Novice: 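Below you'll find the structure I mean.
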Amino acid sequence: MIIVGMVFTIISAEEPIGQSGMSEEEVIDLLISEDQNQAYRMLSGILIGVGFLLVLISFGARRKKDTVKRKERKPAE
């Protein structure tokens, strides 16, 4: 998930640039591409955050060795 988030970050690195004297269709296309770029940035942030949390959880969920030692009871005679 972290890698996919980084890929989306790289994809959204190119910001659309407007020019003076654009037609209305070009302005609408620019606004749509800016909106898509913002959505990619948000998605990449969410994916990186969730992936990082999963990594933290996986490290915390590991059982430590020899933390719980079992005591053997001798049978009553």
Side-chain angles (χ1 to χ4, degrees):
M1 290 184 111
I2 295 174
I3 294 171
V4 173
M6 298 255 185
V7 168
F8 278 131
T9 303
I10 292 170
I11 289 173
S12 67
E14 298 178 12
E15 293 190 25
I17 299 173
Q19 303 169 357
S20 61
M22 291 172 51
S23 68
E24 286 200 29
E25 288 182 18
E26 291 174 335
V27 170
I28 292 172
D29 289 338
L30 177 67
L31 292 175
I32 289 172
S33 62
E34 285 178 350
D35 189 41
Q36 287 176 347
N37 191 12
Q38 183 182 9
Y40 277 131
R41 275 190 260 137
M42 186 180 301
L43 180 63
S44 69
I46 291 169
L47 286 175
I48 290 172
V50 170
F52 184 69
L53 284 175
L54 287 175
V55 168
L56 289 178
I57 290 170
S58 69
F59 280 123
R62 289 187 185 167
R63 182 170 275 220
K64 303 203 177 16
K65 293 181 180 178
D66 296 333
T67 55
V68 178
K69 293 188 178 184
R70 299 177 188 245
K71 296 181 182 178
E72 292 183 21
R73 295 183 181 179
K74 294 182 181 179
E77 294 180 13

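We number each residue from 1, following the sequence as shown. Not measured: the values here are computed from a predicted model.
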Novice: Which heavy atom of Gly5 sits nearest a heavy atom of Ser44, and at what distance?
Specialist: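 Looks like O-CB, 3.1 Å.
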Novice: Could you pull out all residues at least two apart from Leu43 that satisfy side-chain contact (heavy atoms from CB on, under 4.5 Å)?
Specialist: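 With sequence neighbours excluded, Leu43 shows a side-chain contact (heavy atoms from CB on, under 4.5 Å) to Phe8, Leu47, given in chain and number order.
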Novice: Taking atom CD1 of Ile3 as the centre, does the number of heavy atoms from other residues, nucleotides or ligands within less than 6.0 Å exceed 12?
Specialist: no
Novice: Assigning hydrophobic clusters by single linkage (Ile, Leu, Val, Met, Phe, Trp, Tyr; side-chain heavy-atom cutoff under 4.5 Å), is Val7 placed with Val50?
Specialist: yes
Novice: May I ask whether Ile10 and Ile48 are part of the same hydrophobic cluster, defined by side-chain heavy atoms of I, L, V, M, F, W, Y residues being less than 4.5 angstrom apart, directly or through others?
Specialist: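 No, because Ile10 and Ile48 fall into different hydrophobic clusters, even though each may have its own neighbours under 4.5 Å.
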Novice: Please tabulate, for side-chain N and O atoms in residues 25-40, each donor-acceptor pair with protein atoms closer than 3.5 Å (sequence neighbours left out).
Specialist:
{"from": "Glu26", "atom 1": "OE1", "to": "Ser23", "atom 2": "N", "distance (Å)": "3.0"}
{"from": "Ser33", "atom 1": "OG", "to": "Asp29", "atom 2": "O", "distance (Å)": "3.2"}
{"from": "Ser33", "atom 1": "OG", "to": "Leu30", "atom 2": "O", "distance (Å)": "2.9"}

Novice: Within the supplied structure, the quantity of interest is the number of heavy atoms (other residues, nucleotides, ligands) at a distance under 6.0 Å from Met6 CE; does it exceed 12?
Specialist: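 Atom CE in Met6 is not crowded, with 12 or fewer foreign heavy atoms closer than 6.0 Å.
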